[in-house]
Structure formats: C-alpha cells, structure tokens
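Have a look at the structure below before the remarks.
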There are 2 protein chains.
Amino acid sequence: MSERAERAWRPTILDVAARAGVSKSLVSRALRDAPTVSPARRAAVRQAAEELGYRPNAVARSLVQRRSHTVGVMVSDLHNLFFAEVLDGVEAVAAGHGYRVLIVTGNRDRAAEEQALETLLELRTDAVILASSRLSLRSVAAARQSVPVTLVARAARVAGVDTVTNDDGRGARLAVEHLASLGHRRIALVDGGSGPGSAARRRGYRAAMGALGLADEIGVAAGDFTDEGGYRGARSLLTGSSRPTAICAGNDLAATGVLTALAEAGLRVPADVSLVGYDNTALAALRHVSLTTIHQPRTEMGEAAMRAALRRLDGGAGRARRLVLQPSLVQRATTASPAAS
Amino acid sequence: MSERAERAWRPTILDVAARAGVSKSLVSRALRDAPTVSPARRAAVRQAAEELGYRPNAVARSLVQRRSHTVGVMVSDLHNLFFAEVLDGVEAVAAGHGYRVLIVTGNRDRAAEEQALETLLELRTDAVILASSRLSLRSVAAARQSVPVTLVARAARVAGVDTVTNDDGRGARLAVEHLASLGHRRIALVDGGSGPGSAARRRGYRAAMGALGLADEIGVAAGDFTDEGGYRGARSLLTGSSRPTAICAGNDLAATGVLTALAEAGLRVPADVSLVGYDNTALAALRHVSLTTIHQPRTEMGEAAMRAALRRLDGGAGRARRLVLQPSLVQRATTASPAAS
DNA sequence: CGCGTTCCTGGGAACGTTCCCATCGGCGGC
DNA sequence: GCCGCCGATGGGAACGTTCCCAGGAACGCG
C-alpha cells in the first residue's frame with residue numbers, strides 16, 4: 001500500500017485549480033455545471049479533478065451556503081421494521097428533490113434520542129423528521145426553533161410541527177367489522193398497553209363494538225407490543241368463562257404471542273378462534289404465520305413526512321398540518337367464520 | 001407562532017460573545033470546558049448560550065478541525081434486522097469513544113449504495129463502515145484513499161480495508177453436528193443460493209457431512225434467503241424418494257418457508273423432521289416459531305468493526321486485518337431425535 | 001515596591017467552499 | 001471604427017468555528 005492510502009490527504013479545490021491552470025472560482029463553477037464556463041476549460045477541470053480523485057467537501061459547502069441539502073431522520077428503533085418502510089418513503093421523495101437522507105437512532109432510549117436529535121441539529125440538516133420518538137415535547141419545540149420538524153407516527157401537538165399518522169381508531173374498527181361480518185360476536189382485544197397508537201386502537205375497538213350492538217361482548221386483556229405481551233393477554237382471555245371466538249391483537253408481534261397461547265390451549269386458528277393483527281409487517285406475510293392484519297401505509301407515511309418537510313423548506317409557513325392516513329384490512333389465513341356450534 | 005419559529009435564525013458564537021460581553025474565543029473555550037476560563041466568565045457564557053438557545057455549528061467545527069467526530073455507516077438494507085444489531089454494536093463502541101454515528105442506506109441497489117457512500121465521503125466522516133454492501137471493490141478501494149474503511153459481513157480483500165465476518169463454514173458444521181448428535185443421518189440442506197455467506201455454508205455442510213461419514217446422505221436443494229425460497233427448497237426435498245429426517249435452512253427466513261412446506265405435507269416438527277435455521281434473528285426466537293438456529297454474533301461484529309475503525313483513527317496503519325467471529329448453536333423447539341421408526 | 005510568573009483574555013488566521021463583483025477581451029451595430 | 005455589451009475569468013469576502021499567539025492583570029516573593 002502506498003503512503004497515500006495510509007495518511008488521508010484530500011485534494012481541495014485549489015489543488016484542482018492549480019493542476020488545471022485556472023482559478024478556484026472556475027473550478028467551482030465547472031464542477032457544478034454552472035453556465036458561464038467555456039467547454040475547453042470545463043473539460044480541463046473535469047480531467048484534473050478526476051486525476052486527483054477530488055471530491056467536493058460538503059462541510060465547507062454547507063458552511064458557506066448555510067444549507068446542507070440534507071434531511072435528518074431520527075428513528076427510535078431500527079429493530080422495528082416499521083421504520084424501514086417509513087424510511088423507504090422518505091428516501092424516495094428526498095432523492096427526487098435532490099436531498100440526501102441521514103439517519104440517526106436512539107435505540108429505544110430517551111436520552112439517546114435527545115442526543116441523536118442534538119447531533120442532527122448541530123449538523124445543520126435542512127430539516128428533521130422524527131419517527132415515533134419518545135422525545136419530550138419541549139425538545140421537539142426547541143428543535144422547531146431552528147429547523148422544520150415533522151413527526152411521524154406520533155400525533156403530538158407542537159406549534160409549527162407537522163405530523164403524519166395513521167388512523168388507529170379506524171384500523172381497529174376495520175378489524176372488528178371484518179370479524180363481525182364473518183359472524184363473530186365475542187370479539188376480544190389484546191391491548192397494546194402504553195405503546196404508541198394503542199390508546200386510539202382501544203377506543204376504536206370499543207366504539208366499533210358498540211356501534212355493532214356488541215357492547216356487552218367487549219373484552220380487553222392487558223398486553224403490550226411484544227410477542228410475550230400478546231401471549232399473556234391471550235392466556236388471560238382463555239381462562240375466562242366464555243372464551244372469545246375472535247381476537248384483535250395490539251400489533252402483529254403480539255399476534256404471534258396470541259398464536260402461541262392458542263396452540264398451547266389446543267385451539268385451532270381459524271377454526272376455533274380467529275385472529276387479526278395490526279401493522280401488516282413482513283412477519284404477518286410469512287406463510288407460516290399468514291396473519292390477517294391491518295395494513296398501515298408506512299411508505300406513504302414516509303413520503304408524506306418528506307413532502308411536509310419540503311413544503312416548509314420551500315418557505316411554507318403557517319400552522320402545523322396534521323395528516324392522517326387511512327389503514328386497510330389485509331385478509332389472510334387467520335380469520336374465518338366461527339365454527340357452527 | 002412567533003416569527004422566530006418560522007424563519008430559522010440561529011445564534012452564532014458571536015451572538016453569545018456579545019451577550020456575555022466577552023470574546024468569541026472565550027465563548028469557544030468556555031463551552032468546551034477548556035481549562036483556562038475563570039468560573040465567573042464560564043457561568044456568564046453558559047447563561048448567555050442558554051438564553052439564546054445557542055447550539056454549536058458542527059459544520060464549522062468540522063471544517064476547522066478537519067475532523068467530524070463522526071463515523072458513517074452504510075447499510076445495504078434496513079429491512080434486514082441483521083443490520084440493526086450490527087448497528088447496536090457500532091453505536092455502543094462509538095458512544096464510548098466520543099464518536100457519533102451517521103447511517104445511510106442503499107436500499108439493496110448498487111447505484112444507490114455508491115451514492116450513499118459518496119455522501120459519507122463528501123460529508124467527511126472520520127471513518128466509514130460498510131455493512132454487507134454490494135459496492136464494487138473499486139469504489140471501496142477509492143474510498144480507502146481518503147478515509148479508514150471497514151467491511152462487515154463481507155470478506156472482500158481490499159488493500160488497507162479491515163473486514164469483520166462470521167465463520168459461515170463453521171456455523172454450518174455446528175448445525176450438522178448437532179443434528180448428527182441427535183441421531184440424524186439423512187440431513188439435507190436448503191441452500192441460500194447466491195446470498196452472502198451461502199457458498200461458505202454449503203461448503204461447511206458438505207465437509208461436516210463427509211467428516212461424519214455421511215457423505216452418501218448429502219442432499220442439497222436449491223433455495224434462497226427468503227421465505228419463498230425455503231418453501232421451494234423444502235418441497236423439492238419432500239418429493240424425493242427418501243425424505244430427510246432433518247433439514248438445515250440457509251437462514252431463519254428460509255426456515256419459516258421450510259416450516260410451511262412441512263406443515264402442508266402433514267409432517268410434524270420436530271417429531272417427523274428436525275429443522276435448523278441460521279442467524280438467530282428475532283424471528284427464530286418467537287415462540288410460535290421457536291427455531292433451533294445458528295447464532296451470528298452480530299452485535300459483536302458491529303463492535304469489532306467500530307474498534308477496527310478506531311484503531312485506524314488512532315493512527316493504526318499497516319495491512320488489513322480480517323477478523324472472523326465464531327457462530328454458536330441455539331437450541332429451541334425444532335430439533336429432536338428422529339422418531340424411532 | 002519592582003519584577004517575574006502564572007492565569008486569563010482577545011485578536012487574527014485558517015479550514016474549503018460559494019458568491020458577488022470587477023476586469024478583460026472580443027464582437028456587433030451604427 | 002468607436003462604443004457598448006456580453007461572455008469568460010479571477011480575486012476577495014464570507015460562512016462559524018478552533019487554534020495559536022500576544023498582551024495584560026494579578027499575585028507572590030525578595
């Protein structure tokens with residue numbers, strides 16, 4: 001290996017200028033395809049840059065332009081595939097508008113999230129998208145003082161902060177209505193606890209049951225957004241006197257826990273009990289699981305978040321916009337009419 | 001909303017200096033806890049900064065210091081949970097050494113990956129970690145010219161580029177030995193096709209079978225690293241004359257496909273057929289799946305990658321180091337002795 | 001009380017760009 | 001053929017920090 005590879009020497013615009021025999025200004029313009037550069041010079045500059053392996057310094061550029069052409073996305077948990085798809089949407093829109101996407105993560109930890117947000121702000125990304133963060137509203141509001149902020153999958157109200165969420169109440173209603181239309185009446189909910197959106201899903205479940213005249217059949221078991229939580233919730237439902245013929249789980253992961261509990265109890269799905277998840281993650285689509293579930297338009301949520309950021313970046317001011325996207329039901333193998341008993 | 005929130009005005013060190021009645025130099029030192037600042041001034045500066053909502057500009061700092069205290073990680077696919085855990089390791093070590101981690105992604109697309117790497121290089125991150133990238137070796141080598149580069153989960157040999165991988169051959173051997181120790185002889189492999197590591201796993205499988213005197217029982221079915229691929233591979237194994245009593249899948253995802261095929265064929269797991277996956281993803285740990293699998297030390301791989309980067313950052317030169325970590329077997333519910341038939 | 005030393009403090013340069021403006025030819029029109 | 005204009009080019013300032021260095025205040029000691 002040459003010495004060059006060991007010590008990081010990086011050519012600057014001045015090196016290119018010297019090699020091409022022109023001024024730094026001309027190099028700058030030539031490399032950015034600015035109009036007033038003669039073809040001959042342009043070629044010479046290109047070649048010199050190529051030979052030197054020159055790469056523009058985005059740091060210096062950001063400093064002088066006072067913008068980075070970059071949006072920062074803080075994701076609370078990369079272990080949750082939900083965010084990967086949100087990011088797909090963000091990146092698709094960003095790329096189409098000449099923005100680069102930088103991702104930071106807070107690993108399910110409040111302090112780490114605050115730190116990650118701080119990193120983005122110090123880096124002076126042009127906008128910040130916060131995906132389902134646990135950040136204090138104070139921090140969010142503070143961030144909004146210096147940069148456009150969009151919240152995804154969190155409905156908090158902060159002045160000037162746009163939000164993009166999914167209609168959790170409606171999603172829960174879809175699940176209940178689907179099961180009712182199959183003929184179920186004893187439809188129980190394994191709750192998501194304090195997870196984001198779970199309160200709205202619970203309300204939606206209750207409202208839908210009431211609207212269908214099934215208020216007496218309402219049954220909510222405590223759970224959370226994990227495999228284990230779903231398992232516990234289902235166990236408690238199964239020990240009751242009148243076991244439900246259908247269960248709505250807080251999310252897909254919890255639904256797999258429900259599946260485990262049902263299997264242990266010797267109950268077949270969907271012959272004995274029907275099951276609906278929430279999120280339509282890749283997990284639900286696995287044939288071994290093949291879970292009927294509520295689809296959240298995650299990619300669209302990411303797209304919408306990025307578009308909201310772009311609107312602010314283009315000078316769009318005014319009050320916060322709160323976009324609520326609609327979920328839909330995806331039927332797979334875990335729901336059917338109750339056994340004619 | 002105040003006008004302030006709409007237009008992004010950001011105080012600079014000069015604003016803080018003016019408010020505190022000191023020079024910019026002093027502000028700089030005070031805020032960085034440099035030694036030679038009197039307590040009174042330090043407090044005054046702190047307060048002024050606080051009141052203004054001052055946040056240091058990392059861009060300007062990077063420019064003058066010629067380092068960013070940041071490492072960039074390019075991840076080829078955030079939909080693959082493997083990377084989330086690698087990132088856990090990277091972040092843990094980075095945080096312990098005062099480095100921030102910036103993530104970019106190439107969404108399984110070569111061109112996008114090249115672009116993402118370019119972003120990192122232009123941003124002048126102090127080091128770059130490439131997680132299982134599809135990047136051309138030319139690009140990797142070019143990047144190495146200006147910054148320390150570490151490859152994770154890809155064993156390519158590039159001058160000066162450290163690599164951290166897992167011993168796939170040994171992992172496959174562990175799976176085979178486990179099954180053989182349970183009494184299995186007809187142990188088949190559902191292959192991972194051209195996926196990373198799958199060639200080494202195939203070789204490991206063959207070698208282990210041979211070493212155990214089971215060369216005649218070798219059976220490899222074409223598959224890939226997806227649910228669907230595992231399903232197809234298992235189907236072809238089950239239509240053969242002598243069906244295997246045990247199957248090794250290319251990875252955990254493929255193993256769920258195998259589970260589906262086995263269920264469809266009316267075979268019980270592990271009573272009729274035992275199954276071993278690879279990766280030990282969260283999927284394998286779900287009780288509904290409860291898959292015996294080969295654990296890859298992903299977090300450790302991330303840690304090792306970051307440590308390798310730190311070593312280069314501290315001036316460590318010399319030839320590339322290639323670290324190979326050892327996998328281990330995690331026994332769950334999908335393996336047992338073959339039915340005494 | 002003077003002098004040297006130790007703390008503090010402030011000014012200026014530098015980092016690598018972009019942008020504005022001035023300059024310099026050359027060319028076309030009257 | 002002169003004047004004005006336009007296209008091409010270069011020089012300098014600015015972006016917001018950090019770092020180096022010079023200078024000043026305070027203090028101790030003889």
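To find a chain, count down the sequence lines: A is the first, B the second, and so on, and within it residues start at 1. The figures that follow rest on heavy atoms only: side chains count, while hydrogens, waters and symmetry mates do not.
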message = From CZ of B:Arg66 over to P of D:dC19, roughly how many Å is that when rounded to an integer?
response = 13 Å
remark   = Of C:dT18, C:dG16, C:dC15, the nucleotide closest to the side chain of A:Arg61 is C:dT18
query = Considering only side-chain heavy atoms of A:Thr36, which listed nucleotide, D:dT17, C:dT17, D:dA8, is closest?
reply = D:dA8
Partner of A:Val104 by side-chain contact (heavy atoms from CB on, under 4.5 Å), out of B:Ile103, B:Leu102, B:Val101 = B:Leu102
request  = Take the protein atom CZ of B:Arg41 and the nucleotide atom C1' of C:dC7, then report the distance between them rounded to whole Å.
outcome  = 13 Å
ask   = Can a side chain N or O of A:Ser23 be found less than 4.0 Å away from OP1 or OP2 on D:dG10?
value = yes
message = Quick one, B:Arg108 and B:Asn80 - any side-chain contact, counting heavy atoms below 4.5 Å?
response = no
query = Checking all strands, does B:Ser38 fall into the base, sugar-phosphate, or nothing category for heavy-atom contacts under 4.0 angstrom?
reply = sugar-phosphate
ask   = Out of A:Arg10, A:Arg55, A:Arg100, which one pairs with B:Glu122 under the salt bridge (Lys or Arg N to Asp or Glu O under 4.0 Å) rule?
value = A:Arg100
ask   = Which is true for A:Val22 with a 4.0 Å heavy-atom rule: it touches a base, it touches only sugar-phosphate, or it touches nothing?
value = sugar-phosphate
Protein-nucleotide distance (B:Arg67, atom CZ; D:dT17, atom P), rounded to Å = 19 Å
request  = Mind calculating the distance between CD (A:Gln65) and P (C:dC15) to the nearest angstrom?
outcome  = 20 Å
Candidates C:dC8, D:dG11, D:dG16 - which lies nearest the side chain of B:Asn57 = D:dG16
query = Between B:Ser28 and D:dT18, does any side-chain N or O lie under 4.0 Å from OP1 or OP2?
reply = yes
message = How many whole angstroms separate atom CG of A:Leu26 from atom P of C:dT23?
response = 19 Å
query = When all nucleic acid strands are considered with a 4.0 Å heavy-atom cut-off, which category describes A:Ser25: base, sugar-phosphate, or nothing?
reply = base
request  = Grab the CZ-P distance between A:Arg32 and C:dC19 for me, whole Å please.
outcome  = 5 Å
task = Go through D:dT17, C:dT17, C:dG12 for me and flag the one nearest to the A:Arg124 side chain.
result = D:dT17
ask   = Only one of A:Arg319, A:Arg312, A:Arg321, A:Arg322 forms a side chain to side chain donor-acceptor pair (under 3.5 Å) with A:Asp162, so which one is it?
value = A:Arg312
message = Distance check needed: C:dA14 C1' versus A:Leu63 CG, whole Å only.
response = 12 Å
query = What is the nucleic acid contact for B:Arg29, judged by heavy atoms within less than 4.0 Å: base, sugar-phosphate only, or nothing?
reply = base
message = Using a heavy-atom cut-off of 4.0 Å across all strands, would you classify B:Val37 as base, sugar-phosphate, or nothing?
response = sugar-phosphate
ask   = Rounding to a whole Å, what distance do you find between A:Ile13:CD1 and C:dC15:P?
value = 14 Å
request  = May I ask you to decide if B:Ser133's main-chain N or O and B:Arg154's side chain share a donor-acceptor pair within less than 3.5 Å?
outcome  = yes
